[in-house]
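Note: hydrogens, waters and symmetry copies are ignored here, and every other heavy atom, side chains too, is used. This one's a predicted model, so the numbers in the text were calculated from it and none came from an experiment. Every number for a ligand or one of its atoms is a count from 1 in the order of the listing.
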Amino acid sequence: MQQFDLVIHNATGLHARPARVFVDIAKQYQSTIQVRHGAKQANAKSLISLLQLGVSSGQLIHIDITGVDEESAALALVSAVREGLGEGPAEQVVTTPVVVAAGVSIMEAVVPAVSVGYTAATATLKPETARTIRGVAGAPGIAVGPIYQFKRSQVVINETSAGATLEQARLQAALESARQQLAELREQVLQRGGEDEAAIFEVHRDILSDPMLLDSAEMAIAEGESAARAWQAVINQQAAQMAKLPDPLLSERAADVRDAGERVLRLLTGNKLAPLPQSDIPVIVVAYDLTPSETVALDPQRVLGFCTAVGGPNAHTAILARALGLPAVVSAGTAILELAEGTPIILDGNSGIVEVEPPERIVAAAQLARQEEQARKLAAAERAHAPAITGDGHRVEVVANIGGLTDASQANRSGAEGVGLLRTEFLFLNRSEAPTEEEQFGLYKEIAQALDGKPVIVRTLDIGGDKPIPYLNLPAEENPFLGQRGIRLCLQHPELFRQQLRAILRASAFGKLRIMFPMVADEVEMRSARAMVEEERAALGLSPVEVGIMIEVPSAALMAEELAREADFFSIGTNDLTQYTLAMDRTNPTLATRADGLHPAVLRLIARTVEGAHRAGKWVGVCGELGSDAMAIPILLGLGIDELSVSTPAIPVVKAQIRSLTLADCKERAQQALKCATAAQVRAGG
Ligand code: PEP
Ligand code: MG
């Protein structure tokens, strides 16, 4: 038996994403793995039971492992926990400012706002209504219209048991159909949203395979319950327990257990989902809560936005609303449910405020603000495929940050002029062995082809730090963000690195691929890595590819002139550059508003990088989140940035903003910003 204690260091504790990584690793071993936290105990292979431990950041868990592969299981879990259980950039959707529309950041959308006004548009209005209901901003945007009170039809169970064997078979069949539906929903969200949001339905599929749920339901069936009653009781009990957890990130997952569970229950009983509004007048949906499935089903032609009495900004419903571009206010309280059907409201998803029966003047102003916002988006979308050229004739390339094949096709359809950053980690994480060269080659080739000959910058593996990779058996580190990560780690594991390089080089025959190394700190690293590219390329007898580096370590920015002699291009990773310049952990929610890439210190490093590169005749892009920040774009252009690599939905808006600027004004703005003392001053316009 292996027994040991581990401290969970993840900023938000053992919440859904790290718990899922933990469970996925545990499931790869035959041994029985129990996790204890205080008086509670969980099966490590059950996501639900693990979440119910309610482990917060800095807390201890005790692990008992018994079985044939107990030693390797222990090693894998220890290293995964120490390396942060998959917590990385994708988690920052709620902790780091990420611009989703001109001037509106996700941060503004998820932090309970105290300010009042229609921030997404030009008008700034004070509420002057008889009733203002304050909730929490769930997804940005303004909606004006009558409400539709959404009432979920209750599931009615009439069935009694037809015998344990038959009931077990019915449950299995319903589970299988539900998993099938979830796979389809995932596809739908992939098309409308993104890979991260679609993962919500993967979590639901995991829930439906959770051994704790299945075992409890089977036991109840064996004791004489019908499949429907057994399943309902188990779901209710587990969701109720989860809802009691003090950590909101964990308690919000109760909604996912209910949603996934109810899907099976409706299949078992033939009760269909509640009908959604059918009227021709678009409405704002008001509900006690909406499940992720119900949210995805909202037809954007008929639904202007939604407001829920409960729920939180981190719940999957709000995350989905942001991905689908649906304005939302959550946690508005039950007063919202007492409004009569058809009551006119203004829903402000930027500030979390609902105005009930607002005066005509306010409605008109809000409608104007909304129309302007929509007109801007529409105009931007219409010209998404046109180049981004400033008023005085300066062209800036706008390319996409992607994390997989689906993203690649979407980027190509949305006007991306190429891919500025392909994060290849998706191929390496959450698995028990490294992907083969063939597997990698196949994917890089498909991505190259999806971009129709446009350039694709493939960033080599950027793991270590916060991203666990159990099959490398990496030793635990005190400060993983300052340890073996990025290019350092690849140079330490040349076989892994060379395999990836060969796969990229081979795929480069099918498109225009470029190679980029992450976390380069000096020219020695750059030269060693580049030499390996050359050796592999020569051995394969292929044509040369361009090789660039990310500038995300302050030393690289300071040495840009020297590095520019070695590299074909630079791309500034402002997420890490900001973290390392300001010594502020990019994953720490309490530092989210202060770890601002518009800090003059970061801007001075960007300026120095551009100077060094341009002197050597090399181009510079920005692929961190700052590249889609509406406040930062003029400054970045003014500092001489040649290319912006942003998330796919931001491409049309970023291009539109560039067209509204002149390079001369941007240069002036950049010079002012460099003289500021703080990021706040830069944001205030100097
Ligand atoms: C960055 O650091 O800005 C960057 C783009 O890389 P990642 O977010 O993947 O670390
Ligand atoms: Mg980085």
Contact check: E425 vs ligand 1, nitrogen or oxygen atoms, below 3.5 angstrom: no

Listed once per pair and sorted, the ring-ring contact (aromatic ring centres under 6.0 Å, His included) pairs that draw on residues 603-655, sequence neighbours left out: F569-W619

Just distance, no hydrogens or angles: give the donor-acceptor pairs under 3.5 Å from side chains in residues 439-447, sequence neighbours left out.
unit_1	atom_1	unit_2	atom_2	d
E439	OE1	R431	NH2	3.0
E439	OE2	R431	NH1	3.1
Q440	OE1	Y444	OH	2.8
Y444	OH	Q500	NE2	3.0

N, O or S atoms of the protein lying under 2.8 Å from the Mg ion (ligand 2): E552 OE1, D576 OD2

Proximal ligand 1 atoms for R423, defined as those under 4.0 Å from one of its heavy atoms: 4 (C), 5 (C), 6 (O), 7 (P), 8 (O), 9 (O)

Atom NZ of K454: over 12 foreign heavy atoms under 6.0 Å: yes

Those atoms of ligand 1 less than 4.0 Å from some heavy atom in E552: 1 (C), 2 (O), 6 (O)

Contact check, M550 vs ligand 1, heavy-atom distance below 4.0 Å: yes

Close approach of Q579 to ligand 1, heavy atoms, under 4.0 angstrom: no

Side-chain donor or acceptor of T581 paired with backbone N/O of V602 under 3.5 Å: no

Within-cut-off N or O pair, R485 and ligand 1, under 3.5 Å: no

Lys/Arg N to Asp/Glu carboxylate O, D407 vs R423, below 4.0 Å: no

Atoms of ligand 1 close to G573 [distance to a heavy atom under 4.0 angstrom, numbered from 1]: 1 (C), 2 (O), 3 (O)

Salt bridge present between E438 and R506 (N-O < 4.0 angstrom): yes

Residue part near ligand 1, for L421, under 4.0 Å between non-hydrogen atoms: side chain

Salt-bridge contact R537-E534 (side-chain N to carboxylate O under 4.0 Å): yes

Donor-acceptor pair, side chain of K512 and main chain of G418, under 3.5 angstrom: no

Salt bridge present between E417 and R395 (N-O < 4.0 angstrom): yes

By side-chain contact (heavy atoms from CB on, under 4.5 Å) - contacts of D206 (at least two apart): R20

Side chain, backbone, both or neither: E625 near ligand 1, heavy atoms under 4.0 Å: neither

C623: numbered ligand 1 atoms lying under 4.0 Å from its heavy atoms: 5 (C)

Beyond-backbone contact of E397 with D642, side-chain heavy atoms, under 4.5 angstrom: no

